[in-house]
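Positions are given from 1 along the sequence. All of these numbers come straight from a predicted model, not from anything done at the bench. No hydrogens, no waters, no symmetry mates; every other heavy atom, side chains included, goes into these values. Ligands are counted one by one from 1 in listed order, and the atoms in each one are counted from 1 as well.
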Amino acid sequence: MGSLEGLEVEPQARPLLEEMIRLTDFSVPGHRVAFEDDGTVKFLVELDSLECESVLIPMKAKSTLCISSQVGCKMGCTFCETGRMGLLRSLSVREIVSQVFIAKRVMKKRVDNIVFMGMGEPFDNFEAVMGALDVLTEDAGLGFGPSRITVSTSGLVDQIDAFTERADPALHLAVSVNAPNDAIRRKIMPVNRQWDMAALKRAMARYCENPRREILIEYVLMKGINDSLECADELAHYLRGLRVKVNLIPYNPQSRDRFAPPDEAVVDAFLERMRARGYLTLARRTKGQKIMAACGQLGNLQLRRKIFLDRSSQSHPGCA
Ligand code: SF4
């Protein structure tokens, strides 16, 4: 049963029945492959009149699926294409899980790992993400081991604490830090005005109290902004006492560039300095850059143009 259409239903029972149908509707939304390049596949999942983006990234023998938790994002990180869209809407449990289902069962792709690093701030859609994690990890659901799933946040402290309390300790947490101090972070990540780096560190420390847990620190390197060796030293100092791995992500070009990618030698020097300070540090090889599917590039330009035109015609109804 997909709707109440044509059925005689008491008016007062209709809202509850409709909600039950919505909650038990496991039909899979439509999708289309947007681009495919060097093994990376970006596909769009249809959600009413909107779409969310998912990216399948092959890595040596394994394959990682990057999924979205929202269409757009309200966090406004200045280096991120999705942040420019604003938040259009959050995804339901079914819509989040559908991205994995489509990749695995419909497109018949291999999915070894899942990362919540697509469009949106997962912790701004906390309950749906927790529900999706249940479905993804339950044997009766898609049966992924929790250790194969990473949830990434820009640093919502209250939700990090809730995740610490409720999440399976085998699930991975990634925190997008991107700066060695508040002065830089406040400029590139508005979330830092609500929760500064000291508050963020306290939340990360609480998360690490369980010895099974460690945090993946994400750090987008932007030329002349946060890529100096002094920044590396300050970052190393900030992370002291936390159980972390560091992932350096050279900035990816975007549709209207405010920042520039760092020189390769600068990335190497930053990496070596972090390692010398005792941190397991990797630099992410940029995949999918040509198809705007790399980190920070998900932003569905076509959709943004459509929304812009829709909004313009609403505020200026005479224009067409
Ligand atoms: S980096 Fe993440 S949290 Fe920040 S604007 Fe982009 S999608 Fe949102």
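Scanning for ring pair (Phe, Tyr, Trp, His ring centres under 6.0 Å) contacts around Y238 gives an empty result, with sequence neighbours left out. The side-chain contact (heavy atoms from CB on, under 4.5 Å) check on C208 picks up I215, R243, with sequence neighbours excluded.
With a cut-off of 2.8 Å, the protein N/O/S atoms near atom 8 (Fe) of ligand 1 add up to 1.
Counting only residues at least two apart or in different chains, ring pair (Phe, Tyr, Trp, His ring centres under 6.0 Å) contacts with residues 192-219 comprise Y219-F270.
Electrostatic pairing of E209 and R206 does not count as a salt bridge here, judged by no charged N lying under 4.0 Å from a carboxylate O. With respect to R166 and E127, a salt bridge is recorded, a charged nitrogen being found less than 4.0 Å from a carboxylate O.
Remark: the E121 side chain and the S69 side chain contain no N/O donor-acceptor pair separated by less than 3.5 Å.
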